[in-house]
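We use all heavy atoms of the structure for the numbers below, so side chains are in, but hydrogens, waters and symmetry mates are not.
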Amino acid sequence: MNLELDGKRALVTGSTAGIGFATARLLAAERATVIVNSRTLKRVEAAMRAIRQEVPSADVRGVVADVGTAAGCDDLIAKVPEVDILINNVATYSLLPFESITDAEWLRLFETNVMSGVRLSRAYLPGMKNRNWGRIVFISSESAIQTPVEMIHYGMTKTAQLAVARGLAETTLGSGVTVNSVLPGPTATEALARVVAERTEAEGVDEATFEREFFTTVRPSSLLQRFSSPDEVAAMIVYVCSSLASSTNGAALRVDGGVVRAIS
């Protein structure tokens with residue numbers, strides 16, 4: 001299927017690993033011009049090499065910027081003044097009981113997970129409207145709907161993303177611009193791998209046992225009963241970016257393995 005993304009300029013924040021990297025790679029395979037982003041040059045260069053290895057024809061460049069800060073967003077915008085596709089993927093989290101979450105930690109997650117998308121969308125949306133074509137996608141989470149008790153602050157930021165995305169979509173009335181959210185479920189990312197390694201070592205179990213117990217006790221409502229792969233999530237993200245998805249706007253699209261039981 002041709003997703004009609006040839007030459008579209010796509011910026012994916014936090015795109016050197018996990019869902020962000022899988023999305024950047026798939027966009028490159030669809031012949032978009034892809035901007036890879038991370039806080040360190042080493043990771044950006046490694047991601048670009050990996051994409052070019054898998055997609056020899058890839059038109060990919062990298063921008064080092066910490067979009068979890070206002071200064072970092074300004075720096076990225078100065079280096080990349082216009083895009084056709086913005087994937088607000090960068091995010092951070094921590095596993096903490098509510099009583100242990102400090103004000104600073106609440107603000108740190110909000111600054112990275114929410115304000116990065118707010119700042120970049122504010123910069124790029126006007127150009128999309130002027131050109132009458134654009135795609136903004138917020139990578140939210142099933143945690144936006146079913147707030148995890150061990151990550152209440154993270155869940156809050158993911159719910160906030162849904163509100164921002166829907167509000168921005170309202171401003172695109174009658175245009176060729178769309179704003180949507182994609183809600184992954186538990187996904188086998190680099191960050192999850194670190195958590196799994198810590199837990200398996202502490203509990204003395206192998207990864208297969210950990211995964212089975214996770215879906216038995218932590219996410220029992222999952223219909224998939226395994227971690228999604230980043231590629232499975234990226235497929236939805238890239239489709240939403242395509243011209244074929246022009247009638248999908250203001251939507252919250254779940255790629256959660258059936259974790260969320262609510263129909264809407």
Side-chain angles (χ1 to χ4, degrees), residues 3 5 10-15 18-20 22-24 26-27 37 67-68 73 83-93 109-125 128-129 133-148 151-173 175-187 189 191 228 230-264:
L3 297 183
L5 291 173
L11 167 63
V12 187
T13 63
S15 46
I19 292 170
T23 300
L26 186 51
L27 284 165
N37 160 253
V67 297
C73 286
V83 298
D84 303 300
I85 296 167
L86 169 63
I87 312 295
N88 289 311
N89 171 73
V90 74
T92 187
Y93 72 96
L109 264 66
F110 192 82
E111 187 81 359
T112 299
N113 299 1
V114 181
M115 290 307 298
S116 60
V118 168
R119 290 168 177 141
L120 295 176
S121 298
R122 186 170 58 210
Y124 294 125
L125 183 58
M128 295 179 185
K129 289 179 177 177
W133 199 95
R135 299 287 184 265
I136 297 177
V137 184
F138 286 79
I139 309 308
S140 181
S141 166
E142 48 95 7
S143 297
I145 299 173
Q146 295 186 167
T147 306
M151 293 192 295
I152 293 173
H153 52 333
Y154 174 78
M156 174 276 297
T157 65
K158 293 297 162 177
T159 306
Q161 285 183 311
L162 299 186
V164 173
R166 179 65 207 191
L168 288 181
E170 294 289 337
T171 75
T172 68
L173 182 70
S175 76
V177 180
T178 68
V179 185
N180 293 289
S181 300
V182 171
L183 286 67
T187 305
T189 62
S228 298
D231 287 346
E232 288 173 315
V233 179
M236 173 66 84
I237 297 168
V238 173
Y239 169 72
V240 173
C241 293
S242 74
S243 295
L244 280 61
S246 56
S247 67
T248 303
N249 197 7
L253 305 164
R254 301 203 302 256
V255 194
D256 65 338
V259 169
V260 178
R261 284 185 166 138
I263 295 173
S264 61

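For the salt bridge (Lys or Arg N to Asp or Glu O under 4.0 Å) condition, the pairs that include at least one residue of residues 232-251, sequence neighbours left out, are R226-E232. Sorted by first and then second residue, the side chain to side chain donor-acceptor pair (under 3.5 Å) pairs with a member in residues 246-258 read T172-N249; sequence neighbours excluded.
The closest side-chain heavy-atom distance from F138 to V179 is below 4.5 Å. Between R135 and S242 there is no side-chain heavy-atom pair separated by less than 4.5 Å. Put simply, the side chain of M128 does not reach to within 4.5 Å of the side chain of I85, judged on heavy atoms. Side-chain contact check for V260 versus L183: every heavy-atom pair is 4.5 Å or farther apart. Taking the side chain as every heavy atom from C-beta outward, C241 and I87 approach each other to under 4.5 Å. When side chains are defined from C-beta on, I19 counts as touching I237, because their heavy atoms get closer than 4.5 Å. At a threshold of 4.5 Å between non-hydrogen side-chain atoms, the residues Y93 and S143 do not count as touching.
A pairwise comparison of heavy atoms in L162 and A144 identifies CD1-CB, 3.7 Å as the closest pair. Residues S121 and N88 approach most closely at OG-ND2, 3.3 Å, considering heavy atoms. Between G250 and N180, the shortest heavy-atom distance links the atoms N-OD1, 3.1 Å. Looking at every heavy atom in both residues, L26 comes nearest to A234 through CD2-O, 3.9 Å. Among all heavy-atom pairs drawn from L5 and W133, the shortest one is CD2-CH2, 4.4 Å. The nearest pair of heavy atoms linking S140 to Q161 is CA-OE1, 3.3 Å.
Between the side chain of S228 and the backbone N or O of T187, no donor-acceptor pair lies under 3.5 Å. Using modelled atom types, one side-chain atom of K158 and one backbone atom of I139 make a donor-acceptor pair closer than 3.5 Å. Formation of a donor-acceptor pair under 3.5 Å by the T13 side chain with backbone atoms of N89 is found in this model.
Qualifying side-chain hydrogen bond (donor to acceptor under 3.5 Å, both in side chains) partners for T159, counting only residues two or more places apart in sequence or in other chains: none. Annotation: side-chain hydrogen bond (donor to acceptor under 3.5 Å, both in side chains) contacts of T157 (sequence neighbours excluded): N113. Not counting sequence neighbours, S175 has no partner by the side-chain hydrogen bond (donor to acceptor under 3.5 Å, both in side chains) test. Residues that satisfy the side-chain hydrogen bond (donor to acceptor under 3.5 Å, both in side chains) test with S15, not counting sequence neighbours, are absent from this structure.
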- side-chain hydrogen bond (donor to acceptor under 3.5 Å, both in side chains) between T171 and K129: does it pass, once the steps are laid out? CA-CA 10 Å; T171 75; K129 289 179 177 177; 3.1 Å; yes
- Item | Stepwise side-chain contact (heavy atoms from CB on, under 4.5 Å) check, V12 with N37 | CA-CA 6 Å; V12 187; N37 160 253; over 6 Å; no
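To the nearest 0.5 Å, atom CD of residue E170 and atom CG of residue L173 are 8.0 Å apart. T92 contributes atom OG1, which lies 8.5 Å from atom NE2 of H153 (distance to the nearest 0.5 angstrom).
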